Amino acid sequence: MAKRSLYQRLRSTAQVRLALFVLGVLLILISPIVGVLPGPGFLILFPIGLMLCLQNSAWAKRIYVRFKRRHPRYAAWTDRVMRRTSAARRREREALAKGARETPEIRANAD
């Protein structure tokens, strides 16, 4: 059995998960303030805060899923910024499906 990382072992307690969630909310709230300063502060703080919130709160995950269903364009951008593996798999599936749909059309047009 593989050893769990220190971060995973710490996250097993409710107090640490709550502290990480609060830290994530603080980073999200601070990111617009830092966003007016020169540099990429907003683009760094917001995804990190969002990741902490999503990893440590089932409530935040439900809200995020609802947001993704209502606003797929913005959700795709957010997933790319956060480098979510589920989003990468979804993009690969869509590219494969798109390629499969285009292949018969290309063949029909070539004849």
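It should be emphasised that the depicted structure is a prediction, and the values quoted were computed from it without experimental measurement.
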>> In this structure, would I30 and M51 fall into the same cluster of hydrophobic residues linked by side-chain contacts under 4.5 Å?
In response: yes

> Would V34 and L27 show up in the same hydrophobic cluster when neighbours are defined by side-chain heavy atoms closer than 4.5 Å?
Replying inline: yes

> Which pairs count as side-chain hydrogen bond (donor to acceptor under 3.5 Å, both in side chains) when at least one residue sits in residues 18-32, sequence neighbours excluded?
Replying inline: none

> What pairs of residues pass the side-chain hydrogen bond (donor to acceptor under 3.5 Å, both in side chains) test when at least one of them lies in residues 38-55, not counting sequence neighbours?
Replying inline: Y7-Q55

> Rounded to the nearest 0.5 Å, how far apart are CG of L54 and CZ of R62?
Replying inline: 12.0 Å

> To the nearest 0.5 Å, what is the distance between CG (L52) and CG (L23)?
Replying inline: 5.5 Å

> With side chains defined as the heavy atoms from C-beta onward, is the minimum distance between F46 and I28 less than 4.5 Å?
Replying inline: yes

What residues form a side-chain contact (heavy atoms from CB on, under 4.5 Å) with [X], not counting sequence neighbours?
{"X": "I33", "answer": "none"}
{"X": "V65", "answer": "R69"}
{"X": "I63", "answer": "W59, R66"}
{"X": "I44", "answer": "P40, I48"}

> Which pair of heavy atoms, one from C53 and one from A60, lies closest together, and at what distance?
Replying inline: O-CB, 3.7 Å

> With ILVMFWY side chains joined below 4.5 Å, transitively, what does L26's cluster contain besides itself?
Replying inline: L18, V22

